[in-house]
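Reading through the structure tokens given below for one structure.
This structure is a prediction, so every number in the text was calculated from the model and none was measured. Note: hydrogens, waters and symmetry copies are ignored here, and every other heavy atom, side chains too, is used.
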Amino acid sequence: MGGGERYQEFEPPEALKPWVRVIWTYAAPEPSRTVQRIAPDGCPELIVDVGDPYEELHDDGVFRLQPPRIFAGQMSRPMAIRPVGPVELVAVRFHPDGARDWLGAPLSAATDRRLDMTGRLAGLAVPVGDPEGQARTMIAWLDDQRRVGDWRIDPMVRAEMETLQAERPTPPRDAAAQRALQRRFLDRVGVSPRALKSVFRFRRVFDHATAGGEAAGWLEAGLAAGYFDQPQMAREFRRFLGCTATDWAREQVELARAIASQSYKPAGAADA
């Protein structure tokens, strides 16, 4: 990273770990106007801009400014954003099933959406230029939210999610049990178990990818992640990023590059 650009991750305290995977901060004082593709990673996020918010490309082909404080639900397709000025933000990356009680609504209501949280977070004062202070502020605020909201984890959903992450076979279920699990997943995660499994597999491509993203390296990474062949992996890149692996490797800059270097690693955080 250059030009004052920085990305850092902070581990949540034990009290928040069942729900929060990591707190991360990012800043780019002089970002380019390049469009950046953000892929699904299976984790909903709460994002607070203390710099200028990004513009997001909408289905009608128009870029519109995001609210300064958003909740980004599960993604089943890529998001295209671009900066409009100096960028600085702090974000909470929840576990796939960790945001339900904070949001207070089914996660399916936020799938492929960025919900405006400006009013709800109006009293949250986040320091500027201080990533450690930003992380401390978010952790203290989240812990208050947890205590007041009496957050819980659905053990059935969490067990299934961990099975999918670990690539273990799922237990056999009859049709009624499978439908019940689907409903609980839509409520707690926002997508079906099958859809989340696809995102996890796509994310593992980045775990295995070689530096530089050469074509041979991407194919090797895709096979290691569980794809049968290059065409299958290529279809998933089109689905989740809207481009080929080599195009994405060539185009990635700034926030997209920083997130890809960290977000697709197995759960667990460290300062970058």
Side-chain angles (χ1 to χ4, degrees), residues 1-32 36 38-39 41-54 66-73 79 81-96 98-99 101-103 114-149 151 203 206-207 252-272:
M1 292 186 183
E5 186 184 5
R6 60 165 170 79
Y7 176 91
Q8 289 181 265
E9 292 190 349
F10 300 89
E11 188 175 3
E14 289 298 326
L16 288 173
K17 281 186 177 180
W19 298 275
V20 176
R21 179 173 173 178
V22 72
I23 311 293
W24 59 274
T25 67
Y26 176 77
E30 298 179 356
S32 69
Q36 302 173 32
I38 309 296
D41 69 356
C43 297
E45 294 191 319
L46 176 64
I47 302 167
V48 176
D49 282 293
V50 293
D52 291 338
Y54 284 86
Q66 290 181 332
R69 301 179 178 203
I70 60 174
F71 178 79
M79 173 175 61
I81 58 174
R82 66 185 182 192
V84 299
V87 173
E88 185 172 4
L89 59 87
V90 57
V92 178
R93 182 173 299 132
F94 292 95
H95 289 293
D101 288 349
W102 178 83
L103 185 63
R114 265 59 69 190
L115 306 182
D116 188 348
M117 293 288 131
T118 305
R120 181 169 175 180
L121 275 66
L124 180 64
V126 179
V128 177
D130 178 8
E132 291 81 7
Q134 291 167 354
R136 286 194 301 271
T137 297
M138 294 305 296
I139 287 169
W141 180 80
L142 282 167
D143 206 33
D144 286 342
Q145 295 276 303
R146 176 189 63 83
R147 288 194 296 268
V148 172
W151 295 358
R203 187 176 68 191
F206 293 83
D207 298 344
Q252 62 169 328
V253 295
E254 299 166 359
L255 180 60
R257 181 186 61 225
I259 290 177
S261 69
Q262 298 293 331
S263 300
Y264 299 98
K265 294 179 181 177
D271 288 357

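You'll find the side chain of T137 reaches within 4.5 Å of the side chain of P127, heavy atoms only. The closest side-chain heavy-atom distance from Q66 to M79 is below 4.5 Å. With a 4.5 Å cut-off on side-chain heavy atoms, L121 and L46 count as touching.
Partner R136 forms a side-chain contact (heavy atoms from CB on, under 4.5 Å) with one of M138, Q134, E132 and no other, that one being E132.
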For this session: Verify ring pair (Phe, Tyr, Trp, His ring centres under 6.0 Å) between W19 and F94, making sure each step is shown before the conclusion.
Result: CA-CA 6 Å; W19 298 275; F94 292 95; 9.8 Å; no

Exercise. Side chain to side chain contact (heavy atoms under 4.5 Å, CB included) between Y54 and V87: does it pass, once the steps are laid out?
Worked result: CA-CA 8 Å; Y54 284 86; V87 173; 3.4 Å; yes

For this session: Quick one: do V126 and W141 satisfy side chain to side chain contact (heavy atoms under 4.5 Å, CB included)? Show the steps, please.
Result: CA-CA 10 Å; V126 179; W141 180 80; over 6 Å; no

Problem set entry | Residues R21, E11; criterion salt bridge (Lys or Arg N to Asp or Glu O under 4.0 Å); working and verdict | CA-CA 7 Å; R21 179 173 173 178; E11 188 175 3; over 6 Å; no

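Going from atom CG of D49 over to atom CG of L89 covers 5.5 Å, rounded to the nearest 0.5 Å. Rounded to the nearest 0.5 Å, atoms CD1 (I23) and CG (L16) are 7.0 Å apart. In this structure, OG1 on T118 lies 11.5 Å from CG on L124, to the nearest 0.5 angstrom. Rounding to the nearest 0.5 angstrom, the gap separating the CZ atom in R120 from the CD atom in Q145 is 5.5 Å. Of the inter-residue distances, the one linking W151 atom CH2 with D143 atom CG reads 8.5 Å to the nearest 0.5 angstrom. Going from atom CG of D116 over to atom CZ of R69 covers 10.5 Å, rounded to the nearest 0.5 Å.
Considering every non-hydrogen atom in both H95 and V20, the closest pair reads NE2-O, 3.6 Å. The heavy-atom pair separating P44 from G73 by the smallest distance is CB-CA, 4.3 Å. Residues R114 and A72 come closest through the heavy atom pair CD-CB, 3.8 Å. Nearest heavy atoms, P67 versus P53: O-CB, 4.3 Å. The two residues R6 and P131 have their closest heavy-atom pair at NH1-CB, 3.7 Å. Nearest heavy-atom pair, M117 versus L103, reported as atom, atom and distance to 0.1 Å: CE-CD1, 4.1 Å.
E88 places no side-chain N or O within 3.5 Å of a backbone atom of P29 that could act as its donor or acceptor partner.
Of the N and O atoms on the side chains of W24 and E45, at least one donor lies less than 3.5 Å from an acceptor on the other residue. A donor atom on one side chain and an acceptor atom on the other are not found under 3.5 Å apart for Y26 and Q8.
Of the charged side-chain nitrogens involved, at least one lies within less than 4.0 Å of a carboxylate oxygen, so that D41 and R93 count as a salt-bridged pair.
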